[in-house]
Q: 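Quick one: the structure is below, questions incoming.
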2 protein chains.
Amino acid sequence: MSTLPFDPATIAEARRVTAEGQQHAVDPAVETLVTELIGRVADKWTMILLEVLEEHGELRFTQIARHVDGISQKMLTQTLRQMERDGMVTRTVHAVVPPRVDYRLTDLGHSLGAAFCGVWLWAEENLARVQAARESFDAR
Amino acid sequence: MSTLPFDPATIAEARRVTAEGQQHAVDPAVETLVTELIGRVADKWTMILLEVLEEHGELRFTQIARHVDGISQKMLTQTLRQMERDGMVTRTVHAVVPPRVDYRLTDLGHSLGAAFCGVWLWAEENLARVQAARESFDAR
DNA sequence: CGGTATCCAGGCCGATACTG
DNA sequence: CAGTATCGGCCTGGATACCG
């Protein structure tokens, strides 16, 4: 909890409207769009694909599938397509037989992956704490 | 993208198994649990409640509802209950009429909120880029 | 006020079959 | 290999009604 690689207070402050009403004041319309974007992007498979592509670089469809346990072909296609639409990955089709399609993170995708790194680290560090909390909650 | 408050490469490296096979090697069983935890926690409403409670401190049920646009009572209750079970918030019931229930982030909740700050900042900074990517994708 | 309980429509997602 | 198409179950989540 104390080993997070950035300072929570600093970031919280950066997001907050300052007392002087400076320019990080949240335009409500933009706030809604941002919330929607997060809803779209804070998806289990998206996060995992980000992680896998970050670690391995360019991968083919089946290679990704092999790295992601439990994903169906449908969800993999769907998630990749959505990520492509959102500008997170590039999709390169090679005109060969058998077909070969390579997926690679864009800069935008990399930056989102980086943003999620904090969440991954948090989950690894605090898994035990969450499990303990659940046990004591359920024991009632 | 360049203003993220932590260094992507550093964090990516921290999560990666080193060439020397050092001890951050991912135990597959733990990896699964971590993935599940992220799936649980990377939820739209959870992220928003984290944000609201971070900004306003202790809040009552209806106060939270007023700060979160579009949430139904059911989802608010459900999300808060889940967060309480996971040790993210405390729930304090005051024995008065009308009833008064206060919610407050725990240290664990704060730490998760901090981890998500990177994602919020990313979304704000890159909203326009994503919108542009979608337009050019859809124009086909 | 701060919830439950119930109903139900819609969407998510897996399984399966098929294709260039 | 890398998909698309279709079906169907289930679960999410909104709406509504009720309660201590």
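Here is the naming used below: chain letters follow the sequence lines, and residue numbers restart at 1 for every chain. Because the structure is predicted, anything quoted here is derived from the model rather than measured.
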Q: Do the side chains of A:Arg104 and A:Leu59 get nearer than 4.5 Å, heavy atoms only?
A: no
Q: In terms of the nearest nucleotide of DNA chain C, which residue is placed more toward the 5' end: B:Arg60 or B:Lys74?
A: B:Arg60
Q: So do B:Leu53 and B:Val89 actually touch side chain to side chain, heavy atoms under 4.5 Å?
A: yes
Q: Mind checking whether A:Val119 and A:Met47 have side chains closer than 4.5 Å, heavy atoms only?
A: yes
Q: With heavy atoms of chain B within less than 4.0 Å as the criterion, where does contact along DNA chain D begin and end?
A: D:dG13 to D:dG20
Q: Do A:Val41 and A:Phe116 have side chains that get closer than 4.5 Å, going by heavy atoms?
A: yes
Q: Side-chain contact, heavy-atom cut-off 4.5 Å: A:His94 with A:Val101?
A: no
Q: Are any of the side-chain heavy atoms of B:Tyr103 and B:Leu49 separated by less than 4.5 Å?
A: no
Q: Hey, which sits more toward the 5' end of DNA chain C by its nearest nucleotide, A:Pro99 or A:Ile71?
A: A:Ile71
Q: Ignoring hydrogens and geometry beyond distance, is a side-chain donor-acceptor pair present between B:Thr92 and B:Arg100 at under 3.5 Å?
A: no
Q: Once rounded to the nearest 0.5 Å, what's the spacing between atom SG of A:Cys117 and atom CH2 of A:Trp122?
A: 15.5 Å
Q: With heavy atoms of chain B within less than 4.0 Å as the criterion, where does contact along DNA chain C begin and end?
A: C:dC1 to C:dC7
Q: Which part of the nucleic acid, if any, lies within reach of B:Gln73 when heavy atoms closer than 4.0 Å are counted: base, sugar-phosphate only, or nothing?
A: base
